[in-house]
Amino acid sequence: MNEFDTKFARGQFTRVGMGLFGFIAGSFAVQITMTILATLLFPEVLYEDWFLILMGALATYGAGMPIAIGIIRSGAKSVFQPSCKMGFKDFMLAFCAMYGITIVGNQIGTTLMGFAEGITGKEISNPVVSDYEGWSFWMNIFMLMVLAPVLEELLFRKCIIDAILPYGEGTAIIVSAVTFGLAHGNFFQFFYSAGVGLLFAYIYIKTGKIRNTMILHAALNFVGGTIPLLMMEWSEQLTDITGFSDIGAMLSALNDMGFKAVAVLVFSYIMSGIGIAGIIILIFKKKQFKLNKPAMPIPAGQWFITVFVNVGIILFVVLSSLLFIGNILA
């Protein structure tokens, strides 16, 4: 067996971290630049939803992610042989599993932020709601079901995993998932993003087809983002109605809502059922998740230092941590 090259390995993980640091830093730079230019030239656009959406999209997907992809892909890339293919049944099982993970992760994040609100005495905004509520239907479809799934899967699955897979499938899965969660910059999304990231990374490694995780990612955004955002007003009405103390007034209000109330309830029950089924699937199929031995195993006792204690990863973790703190304190 060849002697483990610690310096080269740390260089690979450093490159991944620097790429992700470049992702956040590049996004910030574009947002700051556009804000300054708008303030100087067209200050009124700073209050327009279309400008804020455009600025966010250009910063994240037009600058940040291309920078990260370029840096990470400049290093060594692994070649691996996929061990399975995904059929329709496999997609359905994966869909249920990822939604189950999303429900559990979302509950953990929401509960944690509830405790944080109690400590800080202030309401903490959920970016999933505040960032997307001004989007039109077609903007919602394009951003959540096309742009985000394609670029995020290219970066967090293909680029990252291709760069570090020789050091172990487990290592690649963990790094891909944790960095994906951290990149969201808030606890509301961290737990389910990291959890789904584990599943997506495993699927990419075993199938070798990034399109599989792109499709699943788009499907998750559709049922977890697009539909709920479209139904947001209906859901808020239904929530207000269930708080009525007068039963007669409650029934009258539900009757006025008609189809809207039925649609919200049916969708909620169906997706809850799918999520529960997904959790059951994961429990009963956990023994089928198997990892191959790494081509270049990291020596015992050096794993954490090699993977996480390097300049690139540390810079990324520090910068992403500032996003988490900013979300809580903003």
Side-chain angles (χ1 to χ4, degrees), residues 1-17 19-20 72-73 75-86 90 93-94 97-98 100-102 104-105 108 152-184 190-210 212-213 216-217 278-279 281-310 312-314 316-317 320:
M1 181 180 294
N2 295 329
E3 184 178 351
F4 182 75
D5 190 339
T6 302
K7 183 178 180 180
F8 180 79
R10 285 172 62 85
Q12 285 294 93
F13 289 102
T14 294
R15 182 175 286 103
V16 168
L20 294 172
I72 296 173
R73 286 183 63 84
K77 293 178 282 295
S78 58
V79 178
F80 59 99
Q81 295 295 325
S83 59
C84 63
K85 295 182 179 180
M86 287 192 73
D90 299 313
L93 291 174
M98 72 175 182
I101 292 171
T102 301
V104 174
I108 294 173
E152 289 177 13
E153 291 307 307
L154 283 175
L155 172 56
F156 290 98
R157 249 59 69 183
K158 184 169 180 56
C159 288
I160 290 178
I161 290 174
D162 285 1
I164 61 176
L165 187 59
Y167 304 103
E169 293 180 351
T171 296
I173 289 171
I174 291 172
V175 172
S176 170
V178 172
T179 55
F180 185 53
L182 287 174
H184 281 78
F190 172 77
F191 295 98
Y192 72 75
S193 296
V196 169
L198 291 171
L199 180 64
F200 285 178
Y202 182 84
I203 290 173
Y204 172 59
I205 288 173
K206 293 304 177 182
T207 66
K209 302 295 184 184
I210 196 64
N212 292 332
T213 59
L216 287 169
H217 196 150
I279 295 171
I281 289 170
L282 287 170
I283 293 173
F284 280 93
K285 288 186 173 290
K286 62 181 180 180
K287 293 184 178 180
Q288 296 182 23
F289 291 89
K290 298 179 180 180
L291 303 177
N292 295 324
K293 293 182 179 180
M296 302 167 61
I298 300 174
Q302 295 185 30
W303 186 86
F304 185 81
I305 293 177
T306 302
V307 175
F308 291 109
V309 186
N310 57 73
I313 294 294
I314 290 174
F316 167 66
V317 171
S320 59

Tell me whether Arg10 contacts the main-chain N or O of Ile305 through its side chain, where contact means a donor paired with an acceptor under 3.5 Å.
yes
Minimal non-hydrogen separation, Arg157 against Gly197, with atom names:
NH1-CA, 3.6 Å
Taking the side chain as everything from C-beta on, heavy atoms only, tell me whether Ile72 gets closer than 4.5 Å to Leu155.
yes
Close side-chain approach of Ile205 and Ile161, heavy atoms under 4.5 Å:
yes
Please report the shortest heavy-atom distance between Leu20 and Phe316, naming the atom on each side.
CB-CD1, 3.4 Å
For Phe200 and Thr213, the nearest pair of non-hydrogen atoms, with its separation, is O-CG2, 3.3 Å
To the closest 0.5 Å, what do you measure between CD1 (Ile160) and OH (Tyr204)?
11.5 Å
Quick one: ring-ring contact (aromatic ring centres under 6.0 Å, His included) partners of Phe284, sequence neighbours excluded?
none
CZ/Phe13 to CD1/Ile313 distance, rounded to the nearest 0.5 angstrom?
8.0 Å
So, for Ile203 and Met86, which heavy atoms are closest and what is the spacing to 0.1 Å?
CG2-SD, 3.4 Å
I need the minimum non-hydrogen distance between Asp90 and Lys85, along with the two atoms involved.
OD2-O, 3.5 Å
Rounded to the nearest 0.5 Å, how far does CG of Asn212 lie from OG1 of Thr207?
4.0 Å
Any side-chain heavy-atom pair of Leu182 and Phe190 under 4.5 Å:
yes
For the atom pair NZ (Lys286) and CD (Gln288), what is the distance rounded to the nearest 0.5 Å?
12.5 Å
To check you understand the geometry: which heavy-atom pair defines the closest contact between Ala163 and Val16, and what is its length?
CB-CG2, 4.2 Å
With sequence neighbours excluded, residues passing ring-ring contact (aromatic ring centres under 6.0 Å, His included) with Tyr202
Phe289
What pairs of donor and acceptor atoms, side-chain ones from residues 169-181 against any protein atom, are under 3.5 angstrom apart with sequence neighbours left out?
| residue | atom | partner | partner atom | Å |
| --- | --- | --- | --- | --- |
| Glu169 | OE1 | Lys206 | NZ | 3.0 |
| Glu169 | OE1 | Asn292 | N | 2.9 |
| Glu169 | OE2 | Asn292 | ND2 | 3.2 |
| Thr171 | OG1 | Tyr167 | O | 3.4 |
| Thr171 | OG1 | Trp303 | NE1 | 2.7 |
| Ser176 | OG | Phe156 | O | 2.5 |
| Thr179 | OG1 | Val175 | O | 2.6 |
| Thr179 | OG1 | Ser176 | O | 3.2 |

